[in-house]
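Below is one structure, written out as structure tokens; comments come after it.
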Amino acid sequence: MFGTASSLKIGPYVVDPAVVLAPMAGITNVAFRTLCREFGSATSLYVCEMVTARAIVERDSKTMEMMTFGADESPRSLQLYSVDPKNVTDAVTIIAGEGLADHLDMNFGCPVPKVTRKGGGAALPYKRRLFAEIVRAAVRAAGDMPVTVKFRVGIDDEHLTYLDAGRIAEAEGAVAVALHARTAAQRYSGEADWSRISRLKEAVTSIPVLGNGDIFSAEDALRMMRETGCDGVVVGRGCLGRPWLFRELHAALTEQPVPAGPSLGEVAAILHRHAVLLADHLGEEKGLRDLRKHMAWYLRGFPIGSDLRKSFAMVSGLPELEDLLGQLDHDAPYPAEAEGPRGRQGSPGRVVLPEGWLDDPEDAAVPEGAELMHSGG
Ligand SMILES: Cc1cc2nc3c(=O)[nH]c(=O)nc-3n(C[C@H](O)[C@H](O)[C@H](O)COP(=O)(O)O)c2cc1C
């Protein structure tokens, strides 16, 4: 398989079209990935929720359950979080040795204070040597399994790290890099600065550069590729409650007409499919509880009374969900209000770092206590 003009290679895998479902904790489990894949291309890339290296080494049962993939899911794409080269070596040795995944993405983009305070996530690429050691450890232990690296622009506007991170990842054997074009200080607020993706593309020349941030429509994806020259797009919040965005992305990137958004009747069928997939994965009770967080996203902009909306947000079983779906106006067309930004936005804030973190970028000491959080956090 050679792929089309809009394809990209991640190690041995042709990603065609070059669309990636962004790893999202609490969202991109096997059920949601399956749904997105049913709308998109079977050869695009759909990344699992993040797991911590340490939790794999300890064989934490919740973490092992999160590493569930569909029977025909290929490549099985897993995101790993770590601050410690030793944990990375041990975890990736387990993953590769036991054939638990086909692709590894390393997470250096998390802006959550409880993570950056310990030197993890988006704080880590500031420590150039430690960052290099972590990527090197992953690549070495991964053997034939391709490793990619995902990061932000930097800690804040005064501490940009993305160009170094890109060059280091490239030198250490990563097969692609992905940039969420925000600083950690921005969190999810404001706008992603796509010009940074262009800069990264100039700095990293031998492996693909993927762009990420604020793709909420197929047109946004085309525009990012056009404006930045990136080799592929990574889509997160835009597909929350909108897995059919992958159908639209697929069409746009293969130069076909982009289909109109679904009617409320079609959304009802999709929501039901999501519920069944979640029930298969987690059991009906847990699965339906997990679905609640998706309800407002699915129903956004449609004419639905507030009582019915509330009932959706508290649904606890499949028969109840079916009853509620039956009460919707199935002919209601896809509303304009459902377009545009969705998902978390938050507000910018100072990035909390460990004491003295910015003193020496070459200090490779492993920060303490930064990997004790739960997988997917
Ligand atoms: C609910 C949620 C969970 C996320 N979890 C992760 C994660 O575990 N790992 C990661 O690298 N990024 C995570 N992200 C960031 C996304 O992968 C992506 O970089 C970010 O949302 C920007 O892309 P977007 O504008 O398309 O949403 C998460 C984002 C959201 C909204």
Backbone N/O of [Y] and side chain of [X]: donor-acceptor pair under 3.5 Å:
{"X": "Asp323", "Y": "Pro319", "value": "no"}
{"X": "His272", "Y": "Val267", "value": "no"}
{"X": "Lys293", "Y": "Gly26", "value": "yes"}
{"X": "Ser311", "Y": "Asp307", "value": "yes"}
{"X": "Arg242", "Y": "Gly238", "value": "yes"}
{"X": "Glu98", "Y": "Ile95", "value": "no"}
{"X": "Lys127", "Y": "Asp360", "value": "yes"}
{"X": "Glu371", "Y": "Val83", "value": "yes"}
{"X": "Gln79", "Y": "Val47", "value": "no"}
{"X": "Thr28", "Y": "Glu49", "value": "yes"}

Measuring from atom [atom1] of [X] to atom [atom2] of [Y], what distance do you get when rounded to the nearest 0.5 angstrom?
{"X": "Glu355", "Y": "Leu353", "atom1": "CD", "atom2": "CG", "value": "10.5 Å"}
{"X": "Leu210", "Y": "Asn212", "atom1": "CG", "atom2": "CG", "value": "9.0 Å"}
{"X": "Cys110", "Y": "Met50", "atom1": "SG", "atom2": "CE", "value": "6.0 Å"}
{"X": "Glu248", "Y": "Ser217", "atom1": "CD", "atom2": "OG", "value": "8.5 Å"}
{"X": "Leu21", "Y": "Cys239", "atom1": "CG", "atom2": "SG", "value": "5.0 Å"}
{"X": "Glu266", "Y": "Leu271", "atom1": "CD", "atom2": "CG", "value": "13.0 Å"}

Side chains of [X] and [Y]: closer than 4.5 Å at any heavy-atom pair?
{"X": "Glu73", "Y": "Arg37", "value": "yes"}
{"X": "Pro243", "Y": "Cys36", "value": "yes"}
{"X": "Pro113", "Y": "Arg187", "value": "yes"}
{"X": "Asp105", "Y": "Pro23", "value": "yes"}
{"X": "Ile134", "Y": "Leu124", "value": "yes"}
{"X": "Arg237", "Y": "Ile215", "value": "no"}
{"X": "Leu308", "Y": "Leu328", "value": "yes"}
{"X": "Val315", "Y": "Leu324", "value": "yes"}

Salt bridge flag under 4.0 Å for residues [X] and [Y]:
{"X": "Arg196", "Y": "Glu227", "value": "no"}
{"X": "Arg226", "Y": "Glu219", "value": "yes"}
{"X": "Arg54", "Y": "Asp60", "value": "no"}
{"X": "Glu368", "Y": "Lys118", "value": "no"}
{"X": "Asp90", "Y": "Lys86", "value": "yes"}
{"X": "Arg33", "Y": "Glu38", "value": "no"}

**Message:** Around atom CD of Glu191, are there more than 12 heavy atoms from other residues, nucleotides or ligands closer than 6.0 Å?
**Reply:**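 No, CD of Glu191 has 12 or fewer neighbouring heavy atoms, counting only those of other groups under 6.0 Å.
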
**Message:** Other residues, nucleotides and ligands only: do more than 12 of their heavy atoms fall within 6.0 Å of CZ on Arg140?
**Reply:**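 No, not enclosed.
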
**Check: Phe32 ring centre within less than 6.0 Å of His274 ring centre** =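 Under 6.0 Å, so yes.
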
**Prompt:** Are the ring centres of Tyr126 and Phe131 closer than 6.0 Å?
**Reply:**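 Not under 6.0 Å, so no.
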
Of all the heavy-atom pairs spanning [X] and [Y], show the shortest one and how long it is.
{"X": "Leu130", "Y": "Ala365", "result": "CD2-O, 3.6 Å"}
{"X": "Asp16", "Y": "Thr43", "result": "O-OG1, 2.6 Å"}
{"X": "Ser77", "Y": "Leu45", "result": "CB-CD1, 4.0 Å"}
{"X": "Phe302", "Y": "Arg309", "result": "O-NH2, 2.6 Å"}
{"X": "Leu282", "Y": "Glu65", "result": "CD2-OE2, 3.8 Å"}
{"X": "Val147", "Y": "Ala138", "result": "CG2-O, 4.0 Å"}

**Message:** Run the side chain to side chain contact (heavy atoms under 4.5 Å, CB included) test on Arg128 and Thr161 for me, step by step, so that the C-alpha distance in whole Å, both residues' side-chain angles and the decisive distance to 0.1 Å come before the verdict.
**Reply:** CA-CA 9 Å; Arg128 274 57 170 184; Thr161 53; 3.9 Å; yes

**Asked** Under the side chain to side chain contact (heavy atoms under 4.5 Å, CB included) criterion, do Arg76 and Cys48 qualify, and how do the steps go?
**Response** CA-CA 8 Å; Arg76 295 165 302 160; Cys48 183; over 6 Å; no

**Request:** Hey, can you tell me if Trp244 and Tyr298 have their rings parallel, tilted or perpendicular (30° and 60° cut-offs)?
**Result:**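 The arrangement is tilted - the two ring planes meet at 30° to 60°.
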
**Request:** Applying side chain to side chain contact (heavy atoms under 4.5 Å, CB included), run through Ile56 and Val51 and close with a yes or a no.
**Result:** CA-CA 8 Å; Ile56 292 176; Val51 296; 3.7 Å; yes

**Message:** Assess the residue pair Tyr81 and Phe108 against the criterion (ring-ring contact (aromatic ring centres under 6.0 Å, His included)); give the C-alpha distance rounded to whole Å, side-chain angles, the decisive distance to 0.1 Å, and a yes or no.
**Reply:** CA-CA 7 Å; Tyr81 165 92; Phe108 295 101; 8.0 Å; no

**Message:** The test is side chain to side chain donor-acceptor pair (under 3.5 Å); show your working for His103 and Thr148 and say whether it passes.
**Reply:** CA-CA 8 Å; His103 160 238; Thr148 59; 2.8 Å; yes

Side-chain polar contacts of residues 165-182 - donor-acceptor pairs under 3.5 angstrom, sequence neighbours left out - could you list them?
| residue | atom | partner | partner atom | Å |
| --- | --- | --- | --- | --- |
| Arg167 | NH1 | Asp164 | OD1 | 3.1 |
| Glu170 | OE2 | Thr205 | N | 3.2 |
| Glu170 | OE2 | Ser206 | N | 2.7 |
| Glu170 | OE2 | Ser206 | OG | 2.6 |
| Glu172 | OE1 | Arg136 | NE | 2.9 |
| Glu172 | OE2 | Arg136 | NH2 | 3.1 |
| His180 | NE2 | Arg182 | NH1 | 3.0 |
| Arg182 | NE | Ser189 | O | 2.8 |
| Arg182 | NH1 | Asp214 | OD1 | 3.1 |
| Arg182 | NH2 | Gly190 | O | 3.0 |
| Arg182 | NH2 | Asp214 | OD1 | 2.8 |
| Arg182 | NH2 | Asp214 | OD2 | 3.1 |

**Message:** Please tell me whether Tyr13 and Val233 are part of a single hydrophobic cluster in this structure, the criterion being side-chain heavy atoms less than 4.5 Å apart.
**Reply:**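 Result: no, two separate clusters.
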
**Message:** What verdict does the side chain to side chain contact (heavy atoms under 4.5 Å, CB included) test give for Leu321 and Leu291, after you've listed the backbone C-alpha separation in whole Å, the side-chain angles of each residue and the deciding distance to 0.1 Å?
**Reply:** CA-CA 10 Å; Leu321 177 69; Leu291 186 68; 4.1 Å; yes

**Message:** Evaluate Asn87 against Ser82 for side chain to side chain donor-acceptor pair (under 3.5 Å), listing each step before the verdict.
**Reply:** CA-CA 7 Å; Asn87 281 349; Ser82 183; 4.7 Å; no

**Prompt:** Has Arg152 got its NZ or CZ under 6.0 Å from the middle of the six-membered ring of Tyr188, at an angle within 45 degrees of the ring axis?
**Reply:**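 Yes, Arg152 and Tyr188 form such a contact.
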
